[in-house]
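Notes to accompany the following structure.
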Amino acid sequence: MGELQKPRGTRDVLPEEASRWRLLEDRARQVAARYGYGELRTPLFEVTELFRRGVGEDTDIVGKEMYTFLDRKGRDMTLRPEGTAPAVRAFLEHNLGAGPQPVRLFYLQPAFRYERPEEGRWRQHHQFGAECFGAAGAAADAEVIALAVDFLRTAGVADFRLRLNSIGCPACRPAYRAALREYYRPLLPLLCADCQERFGQNPLRLLDCKVDTAHAAGAPRTADHLCTDCREHLQGLEALLARLRISFDRDPTLVRGLDYYTRTVFELESPRLGSQSALGGGGRYDGLVELLGGQPTPAVGGGVGLERTLLALEAGGAPAPTVEPPQVFVASVGEEYALEAMGVASQLRSAGVRVITDPLGRSLKAQLKQAARAGARWTVILGEELSRGVLVLRDMAAGVQEEVPAGELLTRIDKGVV
RNA sequence: GUGGAUGUAGCUCAGGAGGUUAGAGCACCAGGUUGUGGCCCUGGGGGUCGGGGGUUCGAGUCCCCUCAUUCACCCCA
């Protein structure tokens, strides 16, 4: 390795892999269109304050994972670590709340988090996300979840699990939080160091402690402490998912690390991915729009990680899509015909044919080898017969060739290639 | 951020408990065919042995540091 390497936790996508990416992105756009979501493109960076307020000061993302820098005028900026806060900002900045509701937006974009990289977790990753503003009912939750599930299915991910929970709302969460504290207080000395901290800051996250699941198992359950509205919302969502034939597991320990969620939270996970198993996730965030300065607006959203989707596809043995090979290789015999080759190639390209030539002045033998390797259906050979106005057209698969008048080349190829 | 593993050609890997010019297969290039590919034969180009420092007469091989990857934790996409 040289001294100049890509930054830690980032990846290069070479042509072969890029075709996988294009396919996946196409699928994402198709699915978004089928659900009526319009594409949103926001800047790669935002003022840091947006994430501090939007994502939450106590979260891991804001606390230790942001790529933050001062610009030349000393303004505090951050590479976007997630998509929801910028979407809300754009929703407000363009006053989308004034138009027809709900407002449905999707994005296909990178996000940046300063974490320790490993397989499945990178410092720059890409998300397909969807946000729905202005719909308070469970139908919107179901729609966003269905969209994410639909995307994974359309992409070809064979098996994944949907986990679902409700973490309540400002009306019922305080009481639940208090109940949790009451339960955990006597256990406090037994908890892991992280959990001792969580106890004070965000007791809900005590639930997804993996160090000691025994404690969480006996803890008060969210479902038993939801207010009537939240309980009905969750029941409504479950009924809708059942109607959509989307199976799910209720998981009372599912909390998620972002502060803005209310009621519904969900995660999609793959059994094939090892420790970074979440393919996607999301939830409802009814308080966020107001928190960022707008009118109270219910909203729900979610995202799916593209890298992890690709990993799950490969783990599931999905075949790699092929790069489109050239249709024609134009070969020439000797330097004197190299110019002619460029001309013929140019003419074919104007007609929309995918053509390559040999820029290295190699032997005909080597050129045919290149043609075969590149997967060209035809090889055009230019040599002395050009003086008679003909060239040689070789069918690479069949291994046969014939002389063709130069003027008929395009029609011959068209017939064969189409 | 914590703990562990790994790091030799483009790729997959050999290099017995330090010893002379670091190897193989595949890939790449050329020749065998003065104008013809996929097979075969012959030859060739490629390596700061991840990087730096140290021990030693001598280090790919031992020690330290560092970088990268990877496994788990943490967290999430």
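Given the structure is predicted, the values throughout are model-derived calculations rather than measurements. Naming convention: chains lettered A, B, ... in sequence-line order (proteins, then strands); numbering from 1 in each chain.
Contact annotation: side chain of A/Arg8 to base of B/rU69, donor-acceptor pair absent below 3.5 Å. At a cut-off of 3.5 angstrom, counting only N and O atoms as typed in the model, there is no donor on one side facing an acceptor on the other between the side-chain of A/Glu267 and the base of B/rA77. Judged by distance alone with a 3.5 Å cut-off, no donor-acceptor contact links the side chain of A/Arg116 to the base of B/rC73. In terms of polar N and O atoms assigned as donor or acceptor, the side chain of A/Gln401 comes within less than 3.5 Å of the base of B/rU36 in a complementary pairing. Put simply, the side chain of A/Lys365 and the base of B/rG32 share a donor and an acceptor less than 3.5 Å apart. Between the side chain of A/Arg121 and the base of B/rC74, a donor-acceptor pair under 3.5 Å is found. Judged by distance alone with a 3.5 Å cut-off, no donor-acceptor contact links the side chain of A/Gln367 to the base of B/rG35.
If you measure from atom OH of A/Tyr114 to atom P of B/rU2, you get 11 Å, rounded to the nearest angstrom. B/rG37 atom C1' lies 13 Å from atom CG of A/Asp395, rounded to whole Å.
Counting non-hydrogen atoms under 4.0 angstrom, A/Ile61 reaches nothing in the nucleic acid. Among the atoms of the strands shown, base atoms are found under 4.0 Å from some heavy atom of A/Ala278. If you check every strand for non-hydrogen atoms under 4.0 Å, A/Glu119 touches sugar and phosphate atoms only. At a threshold of 4.0 angstrom between heavy atoms, the contacts of A/Arg123 with the nucleic acid are absent. When heavy atoms are screened at a 4.0 angstrom cut-off, A/Glu307 is found touching no nucleic acid atom at all. Within 4.0 Å of A/Arg256, counting heavy atoms only, lie sugar-phosphate atoms of the nucleic acid but no base atom. A/Gly334 comes within contact range of no nucleotide atom at all, as no heavy-atom separation falls under 4.0 Å. Residue-level contact check: A/Arg362 touches the backbone only, with heavy atoms under 4.0 Å from sugar-phosphate atoms and none from bases. Among the protein residues, A/Glu118 comes within range of the nucleic acid bases, having at least one heavy atom under 4.0 Å from a base atom. Among the atoms of the strands shown, base atoms are found under 4.0 Å from some heavy atom of A/Gly120. As judged by a 4.0 angstrom heavy-atom cut-off over every strand, A/Gly282 is placed among residues making no nucleic acid contact. Using a 4.0 Å heavy-atom distance criterion, A/Ala331 is classed as making no nucleic acid contact. If you check every strand for non-hydrogen atoms under 4.0 Å, A/Glu269 touches nothing.
A ring-centre distance under 6.0 Å is not found for A/Phe106 and A/Tyr37. With ring centers used as reference points, A/Tyr184 lies 6.0 Å or more from A/Phe199.
Nucleotides of RNA chain B nearest to A/Ala398 and A/Ser277 differ in position, and the one nearer the 5' end is that of A/Ala398. For A/Arg113 and A/Leu382, each mapped to the nucleotide of RNA chain B holding its nearest heavy atom, the one lying further toward the 5' end belongs to A/Leu382.
Taking only side-chain atoms of A/Lys369, from C-beta outward, the nucleotide of B/rU69, B/rG37, B/rA30 with the closest atom is B/rG37. Residue A/Ser275 places its side chain closer to B/rC73 than to any other of B/rG37, B/rC73, B/rC29. The side chain of A/Lys6 has B/rU69 as its nearest neighbour among B/rU69, B/rC76, B/rC71. Here B/rA68 is the nucleotide among B/rA30, B/rG35, B/rA68 with the atom lying nearest to any side-chain atom of A/Gln5. Taking every side-chain heavy atom of A/Glu384 into account, B/rG35 is the closest of B/rG37, B/rG35, B/rA77. Here the nucleotide nearest the side chain of A/Gln276, chosen from B/rG31, B/rU36, B/rC76, is B/rC76.
Note on A/Arg412 versus A/Glu402: salt bridge recorded, some NZ/NE/NH1/NH2 to OD/OE distance being below 4.0 Å.
In this pair, A/Tyr176 and A/His225 present their aromatic rings tilted. The plane angle is within the 30 to 60° band.
Within the shown strands, B/rU6 is the pairing partner of B/rA68 under the Watson-Crick or G-U definition, both distances less than 3.5 Å. Pair check for B/rG46 finds none; no Watson-Crick or G-U wobble contact set falls under 3.5 Å. Pairing for B/rC11 is with B/rG25, a Watson-Crick or G-U wobble pair whose two hydrogen-bonding atom distances lie under 3.5 Å. Pairing for B/rA59 is absent, judged as Watson-Crick or G-U wobble with the two contacts each under 3.5 Å.
Note that A/Arg394 lies outside the cation-pi zone of A/Trp378, set by a 6.0 Å cut-off to the ring centre and a 45° limit from the axis. At least one test fails for A/Arg163 against the ring of A/Phe266: distance under 6.0 Å to the centre or angle within 45° of the axis.
Comparing the P positions of B/rA14 and B/rA24 gives an interatomic distance of 16 Å, to the nearest angstrom. Comparing B/rG46 with B/rA9, their P atoms are spaced 16 Å from each other, to the whole Å.
A/Gln109 and A/Gln127 form no side-chain donor-acceptor contact under 3.5 Å, judged by distance and modelled atom types alone.
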